[in-house]
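Here the structure comes first, spelled out in structure tokens, and everything after it is commentary.
First the proteins, then the strands, lettered A, B, ... as listed; each starts at 1.
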Amino acid sequence: MEEKLFLLGDEAVAQAALDAGVSGCYAYPGTPSTEIMEYVQASRQAAGSGVVREWSANEKTAMEAALGMSYAGRRAMVCMKHVGLNVAADTFMNAAITGVNGGLVVVVADDPSMHSSQNEQDSRYYGHFAQIPVLEPSDQQEAYNMVREAFDLSERYGVPVLLRLVTRLSHSRTGIRRQPPREQNPLRLPSDPKQFVLLPSIARRRYRQLLADRPKFMEESEREDGHNSYTRHEGARRGILACGLAYNYLMENFPGGVPYHVLKVSFYPLPDKLVRQLFADSDEIIVLEEGYPFAEEMLLGVPPRTEPVIRGRLDGTLPRDGELDPWLVGKALGLDLEDPEETPGLAVPRPPSFCPGCGHIDVYKALNVAMEKYGAGRVFSDIGCYTMGALPPYNAINSCVDMGASITMAVGAADAGLVPSVAVIGDSTLTHSGMTGLLDAVNKKSPVTIIISDNDVTAMTGGQLPAGLGKIEQICLGVGVEKEHLHTIVPLRKHHEENVKIMEEELAYEGVSVIVARRECVRVAAARKKNKNR
Amino acid sequence: MKTDIILAGVGGQGILSIAAVIGLAAVKEDLYIKQSEIHGMSQQGGEVYSHLRLSDRPIHSDMIPKGQGDLILGVEPLESLRYLPYLKKEGWLVTNTSPYENIDNYPDPGQLFEEIRKLPHHLLVDAAALAREAGSARAANMVMLGAAEPFIQVSDDHLIAAIRELFARKGEKVVETNIKAFKAGKAAAERVG
Ligand code: SF4
């Protein structure tokens, strides 16, 4: 029997990159993409071949570093969750214009149904926006194979390539067949020394190059042995266009073969020729895709076509939001499926909650007391375990929008007259995107109190080392926070009174105050201790 | 041959270790396998579940289609009920009886058991007690794996070898405790069946 590895989708991507001769993997942790980097970090193969694999401060710095490695001729991969691509979008869009030297693969894991995200945005739009090829695997083996090809494609056409994953693919494990590993690229400068200089005159030339390459991407999309394939079913009137993972849900419903024409899509731009064929053969087309109705809207066009009829998420054949599953797909295709049992009412939800003894609990207990005299509605927060402060019994925070937004939203609210305004942010989130906002606050002497709930770790995603470990106070002072208004406290019950007092004093100060509440995440502390004893 | 199993429990109860053992054993038998798990915002004490699919033919969907699961294996009774939509009519619900009560509105356990007993095929196992007898309360997950053994078409030898492999890093004592727990769970299931 041929040896197979038993890997998560994320891990298959990581292993594939190593086998494809990647020289650097860059990432910021975010569910469901985190395990890609974790696998590379734990890999002996990566250690042996000196693959660069440290966490970056955020997705933008990760993408820039990856682009730099590509500039130097080597292969680079950058990984993030879907909302991370918003942070890295500036680099991403411009990398499509600079193009690449060594292969550059951008892996983005979308989270339809928002299992652990604040939205379910669909990264295929970003690929379309940047006008670069997008690959969307339907299973883990395809993900493995595609990473390899994505690097080749990227080097063949000199563009970054986007690989789109979704939660269910990233977080499902299966047997993976490997391909023989390839050597890393040697260091090699770009042949055109101005390629990466996006002065308007050069940028215009580069952009025209990207546009000129569009037909080649279409050729790839329509290639016979490529990732998009059309299977005609003699006599059928219905056609299915199934993208990525949704293809599996289709196949699951028809173990004996699908009785319709099927266009399987795993490569974008959509294949014009094959779509035209599907149109010609079908009276009705059902579009199956995870995420937004991206392909469906394209097929519909403007004004929406009526022949053939296009069905999917927009006409209610499938739900407009949330992830698909085999049952939903079967129903949409009119299969006679029984309605599943309902979850008994007794099985009440078990919402996420702080681990017993978590330091964030003590931070919120103290803050709630200190805020009593000002009333509710003044605390802006951010993304991390501490976001659970929004839940009862704490009900302590009023916002969670994007990485770093707590400080800047507090500044804006203070500008509007909400004084004092408070921000609660974690250490990792601060170094991700909070520091620049802190500088804004300091420069305008904004009457805000910023609590940095510092647990020495990126806890929510499983305990990665944060970029600012041991540097938080220095960062604050460096940005210009006044020494007298920078405090470090220990969020423990025995310090409660003292902590409340410090908070009260700083809330009364009409300028920037920072309170660093530092206590190691108890969960990670336990894991670290266990590892040490091993 | 195809077996679809929903593993259910609370973060920290070792659901993913059960999945890993079955997965390792299935790979040894050259079966096709898909095992999907949802974690992320599940800090200690949150809902955790995993879909485990074994087959001698290629498997398409990572998720078990609703109404088609053969077995719900619960390490916690309330959690075992949560995934009923995935169980087929003739499917089995096998669960540990010890409630993990970390929410204020946790229902009366008696009512939970009553609800479970309504199902045509169910098995309640006091995994906590059996695990303690085997040497560690932490091994309740392996008791439950043992209790599910009759429903999983993977050989005992391979399951035990997989337990060895998974816990090897933690030393021989932990390995033995977990194997003992597994056997106790299996015996409990056989007594009923
Ligand atoms: S993982 Fe750490 S930071 Fe998150 S809730 Fe648990 S103890 Fe707190």
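- Between chain A and the residues P77(B), S61(B), S80(B), the largest count of heavy-atom pairs under 4.5 Å involves S61(B).
- Summarising the geometry, atom CZ belonging to R82(B) is positioned 11.0 Å from atom CG belonging to L346(A); distances are rounded to the nearest 0.5 Å.
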Side chain to side chain contact (heavy atoms under 4.5 Å, CB included), that's the test. Do D62(B) and R173(A) meet it? Break it down for me.
CA-CA 9 Å; D62(B) 299 274; R173(A) 218 176 272 281; over 6 Å; no
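- In this structure, no portion of K88(B) lies under 4.5 Å from any heavy atom of chain A.
- Inter-residue side-chain proximity for I33(B) and F6(A) is flagged as met; some heavy-atom pair is nearer than 4.5 Å.
- The candidate from D139(A), L328(A), T174(A) with the greatest count of non-hydrogen atom pairs under 4.5 Å with chain B is T174(A).
- Using a 4.5 Å cut-off between heavy atoms, P349(A) touches chain B through backbone and side chain atoms alike.
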Dump the intermediate steps for side chain to side chain contact (heavy atoms under 4.5 Å, CB included) on E76(B) and R350(A), then the final yes or no.
CA-CA 12 Å; E76(B) 205 280 344; R350(A) 204 187 287 265; 3.2 Å; yes
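- Only the side chain of I103(B) comes within contact range of chain A, with heavy atoms under 4.5 Å apart.
- The environment of N105(B) atom CG is dense: over 12 non-hydrogen atoms of other residues, nucleotides or ligands sit within 6.0 angstrom.
- For a residue to count as touching a neighbouring chain, one of its non-hydrogen atoms must lie under 4.5 Å from one of that chain's; by this rule T167(A) touches chain B with the side chain only.
- If you take OG on S36(B) and CZ on R168(A), they are separated by 5.5 Å, rounding to the nearest 0.5 Å.
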What verdict does the side chain to side chain contact (heavy atoms under 4.5 Å, CB included) test give for L8(A) and E37(B), after you've listed the backbone C-alpha separation in whole Å, the side-chain angles of each residue and the deciding distance to 0.1 Å?
CA-CA 10 Å; L8(A) 285 178; E37(B) 53 202 44; 4.2 Å; yes
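- For chain A, no part of R57(B) is nearby; none of its heavy atoms comes within less than 4.5 Å.
- When heavy atoms are compared at a cutoff of 4.5 Å, E115(B) approaches chain A solely by way of its side chain, counted from C-beta outward.
- Contact of L245(A) with chain B is made through the side chain alone, with heavy-atom distances under 4.5 Å.
- Side-chain atoms of E341(A) and K66(B), non-hydrogen and from C-beta on, never get closer than 4.5 Å to each other.
- Heavy atoms of E114(B) lying under 4.5 Å from chain A are absent altogether.
- Using a 4.5 Å cut-off between heavy atoms, E342(A) touches chain B through its backbone atoms (N, CA, C, O) alone.
- Side chains of P65(B) and D325(A) form no contact here, defined as non-hydrogen atoms less than 4.5 Å apart.
- Contacts of L7(A) with chain B are absent, with no heavy-atom separation under 4.5 Å from either backbone or side chain.
- Considering only heavy atoms from C-beta on, Y249(A) comes within 4.5 Å of M63(B) through its side chain.
- The shortest distance between side-chain heavy atoms of L78(B) and V348(A) falls below 4.5 Å.
- Within a 6.0 Å sphere centred on NZ of K331(A), other residues, nucleotides and ligands contribute more than 12 heavy atoms.
- Here R53(B) pairs with E252(A) in a salt bridge; the nearest charged N to carboxylate O distance falls below 4.0 Å.
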